[in-house]
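Heads up: the structure comes next, in structure tokens.
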Amino acid sequence: MLHVKLWWLASLSAMLLFSPPTTPYPAASDKGRRKVVHVLEDDTGAVIVQTAPGKVVTHRGGTITLPCRFHHEPENVDQARIRIKWTKVTDAFQFEDVFVALGWQQRAFGPYRGRVALEQAGPGDASVIIHNITLQDYGRYECEVTNDMEDDTGFVSLDLEGVVFPYYPRLGRYKLNYHEAEEACKQQDAILASHSQLHKAWLEGLDWCNAGWLEDGSVQYPIAHPRDQCGRKDTPAGVRNYGYRHKEDERYDAFCFTSKLNGQVYFLKRFKKVNYPEALKACQRDGSAVAKVGQLYAAWKFQLLDRCEAGWMEDGSIRYPIVNPRARCGGSEPGIRNLGFPDKKFRLYGVYCFRKNSDSPEAQTTQASIRTTTKFTNSTRSI
């Protein structure tokens with residue numbers, strides 16, 4: 001009989017049992033500790049996998065262990081005949097291969113190549129370590145352990161620390177079908193947010209009166225302060241849901257999600273303001289690129305970027321980040337101020353640049369490009 005059991009971070013289990021429900025993440029001192037979740041058998045002899053509620057949590061660029069353990073009876077089974085397979089559950093009926101091991105043979109698939117390996121913490125350990133976490137790694141994973149004809153599975157959810165933000169392009173509101181919304185988020189260094197990510201953002205105060213696509217194909221919007229312009233004032237606060245919509249024909253905005261940056265966003269200090277083409281050149285000459293909207297949100301969230309000066313973004317919009325609200329800085333709430341999409345040639349502003357960390361492969365490629373290039377060519381509410 002093959003038994004599979006999941007190891008979860010002890011801090012998450014402790015948080016759910018003893019902490020107030022508003023605590024979003026475990027204390028740093030508790031991270032890395034584990035709790036064994038036992039596997040029981042029912043009267044029929046079938047194996048039942050019991051998993052504790054909660055998730056393992058990390059951020060983009062981090063390293064995380066997806067915990068899974070197994071026990072086989074009798075214990076003297078040939079370990080070389082045990083197959084360990086990890087897959088990502090992309091929706092109710094589809095799985096993406098992540099990693100497989102049979103004895104000493106191991107193989108990672110697709111974007112997980114070079115980033116995933118067995119933890120190998122001892123006999124019965126089927127846990128895997130994922131390095132250099134990406135936004136696309138977010139989701140639910142299945143651990144399957146097989147010995148000849150017997151197998152069992154368990155599930156682990158990988159969550160990311162991050163920030164949700166509403167997005168619409170220069171074309172205006174309600175101009176994106178599902179696939180265009182997905183691409184729009186990608187172009188802004190983000191992914192379409194999940195319902196759980198949007199719900200968490202609503203709990204933290206996100207209020208936005210325009211519906212947007214989520215990654216599951218549904219259209220929703222968060223209302224923290226009910227009002228007549230947003231579905232009637234007498235309705236309760238919450239995440240309003242239009243349900244699953246036609247991905248090709250219907251058009252809405254997008255709710256995007258991004259996480260910690262592998263670099264820095266900064267306001268480029270200059271003696272004069274610039275138009276959009278000049279902003280592109282200015283950042284490039286400074287060894288960086290014009291920041292994307294998702295990068296600005298990540299810098300505001302994780303680096304506490306606070307600047308009361310409007311600047312160009314990569315998509316041609318004008319924005320600025322406020323952590324500490326003050327007079328003449330766009331309102332009484334912290335957030336990213338959005339001044340819309342002005343004329344790129346005739347309107348003059350500052351510019352926000354993004355520089356990757358020097359140890360990242362992307363930064364090395366960018367720096368090489370800059371060294372070999374000698375000539376350059378060429379209002380909404382806040383959260």
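Applying the 6.0 Å contact sphere to NZ of Lys273 captures no more than 12 heavy atoms from other residues, nucleotides or ligands. By the neighbour-count criterion of 12 heavy atoms within 6.0 Å, atom NZ of Lys260 is sparsely surrounded, having that number or fewer from other residues, nucleotides or ligands. For Tyr244, the OH atom counts as loosely surrounded, since its 6.0 Å shell holds 12 or fewer non-hydrogen atoms of other residues, nucleotides or ligands.
Pairing each heavy atom of Lys88 with each of Val98, the nearest pair is N-CG2, 3.6 Å. Looking at every heavy atom in both residues, Val323 comes nearest to Pro334 through O-CB, 3.5 Å. Closest non-hydrogen pair, Trp213 versus Ala181, comes out as CD1-CB, 3.6 Å. Across all their heavy atoms, Gly205 and Ala224 have their closest contact at O-CB, 4.2 Å. The two residues Val56 and Pro67 make their nearest non-hydrogen contact at CG1-CD, 4.0 Å.
Using a cut-off of 4.0 Å between Lys/Arg side-chain N and Asp/Glu carboxylate O, Lys85 and Glu142 are scored as not salt-bridged. Salt-bridge annotation for Arg227 and Asp207: present, with a side-chain N of the basic residue lying under 4.0 Å from a carboxylate O of the acidic one. The pair Lys200-Glu204 meets the salt-bridge criterion, with a side-chain N (NZ, NE, NH1 or NH2) lying under 4.0 Å from an Asp/Glu carboxylate O.
Classification of the His195-His199 ring pair by plane angle, with boundaries at 30° and 60°, yields tilted.
Every residue two or more places apart in sequence or in another chain that forms a salt bridge (Lys or Arg N to Asp or Glu O under 4.0 Å) with Glu309 is listed here: Arg307. In terms of the side chain to side chain donor-acceptor pair (under 3.5 Å) criterion, residue partners of Asp315 (sequence neighbours excluded) are, by chain and number, Tyr167, Ser317. With sequence neighbours excluded, the residues forming a side chain to side chain donor-acceptor pair (under 3.5 Å) with Thr235 are Arg240, listed by chain and number. Looking at residues two or more places apart in sequence or on another chain, you find no side chain to side chain donor-acceptor pair (under 3.5 Å) involving Asn241. Partners of Tyr276 under the ring-ring contact (aromatic ring centres under 6.0 Å, His included) rule, at least two apart in sequence or in another chain, are Trp312. Legend: residues meeting ring-ring contact (aromatic ring centres under 6.0 Å, His included) with Phe341, ordered by chain and number and at least two apart, are absent. Under the side chain to side chain donor-acceptor pair (under 3.5 Å) criterion, Asp234 pairs with Arg232, not counting sequence neighbours. Scanning for side chain to side chain contact (heavy atoms under 4.5 Å, CB included) contacts around Ala126 gives Cys68, Phe70, Ile84, Cys143, Val145, with sequence neighbours left out. Applying the salt bridge (Lys or Arg N to Asp or Glu O under 4.0 Å) rule to Arg326 yields the partners Asp306; only residues at least two apart in sequence or on another chain are considered.
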Steps toward side chain to side chain contact (heavy atoms under 4.5 Å, CB included) verdict (Leu261, Phe302) = CA-CA 8 Å; Leu261 291 170; Phe302 294 103; over 6 Å; no
inquiry  = Go through it in stages, so that I can follow the logic: the residues are Asp286 and Ser288, the test is side chain to side chain donor-acceptor pair (under 3.5 Å), and I'd like the CA-CA distance, side-chain angles, deciding distance and then a yes or no.
reply    = CA-CA 6 Å; Asp286 202 49; Ser288 57; 4.5 Å; no
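Residues Leu135 and Tyr112 share a hydrophobic cluster, clusters being chains of Ile/Leu/Val/Met/Phe/Trp/Tyr side chains in contact below 4.5 Å. Connection of Val116 to Leu118 is established within a shared hydrophobic cluster, with ILVMFWY side chains joined at heavy-atom distances below 4.5 Å, either directly or through further cluster members.
A distance-only check finds a donor-acceptor pair linking the side chain of Arg337 to the backbone of Cys329 [under 3.5 Å]. The backbone N or O of Leu102 lies less than 3.5 Å from no partner atom in the side chain of Gln105, so there is not a single donor-acceptor pair. In this structure, Gln187 contributes its side chain and Lys292 its backbone to no donor-acceptor pair below 3.5 Å. Not one N or O on the side chain of Asn275 forms a donor-acceptor pair closer than 3.5 Å with the backbone of Phe346. With Gln188 contributing its side chain and Val293 its backbone, the two residues share a donor-acceptor pair below 3.5 Å. In this structure, Arg60 contributes its side chain and Glu161 its backbone to no donor-acceptor pair below 3.5 Å. In this structure a side-chain-to-backbone donor-acceptor pair under 3.5 Å is missing from Ser127 to Thr65.
At a threshold of 4.5 Å between non-hydrogen side-chain atoms, the residues Thr58 and Ile130 do not count as touching. The side-chain heavy atoms of Tyr178 and Val219, taken from C-beta on, include no pair separated by under 4.5 Å. Looking only at side-chain heavy atoms (C-beta outward), Phe165 and Ile336 stay at 4.5 Å or farther from each other. For the pair Gln136/Glu96, no side-chain contact is recorded, criterion being any heavy-atom separation below 4.5 Å from C-beta on. A heavy-atom distance below 4.5 Å is found between the side chains of Asn338 and Tyr168.
Sorted by first and then second residue, the salt bridge (charged side-chain N to carboxylate O under 4.0 Å, His left out) pairs with a member in residues 209-224 form an empty list; sequence neighbours excluded. A salt bridge (charged side-chain N to carboxylate O under 4.0 Å, His left out) check over residues 246-257, counting only residues at least two apart or in different chains, returns the pairs Arg173-Asp253, Glu180-Arg251, Arg245-Glu250. Among residues at least two apart or in separate chains, salt bridge (charged side-chain N to carboxylate O under 4.0 Å, His left out) pairs with a member in residues 103-115 are Arg115-Asp137.
Ser259 and Tyr138 share no side-chain donor-acceptor pair at under 3.5 Å.
Taken from CG in Leu192 to CD in Glu182, the straight-line distance is 5.5 Å, to the nearest 0.5 Å.
For Tyr221 and Trp208, the distance between ring centers is not under 6.0 angstrom.
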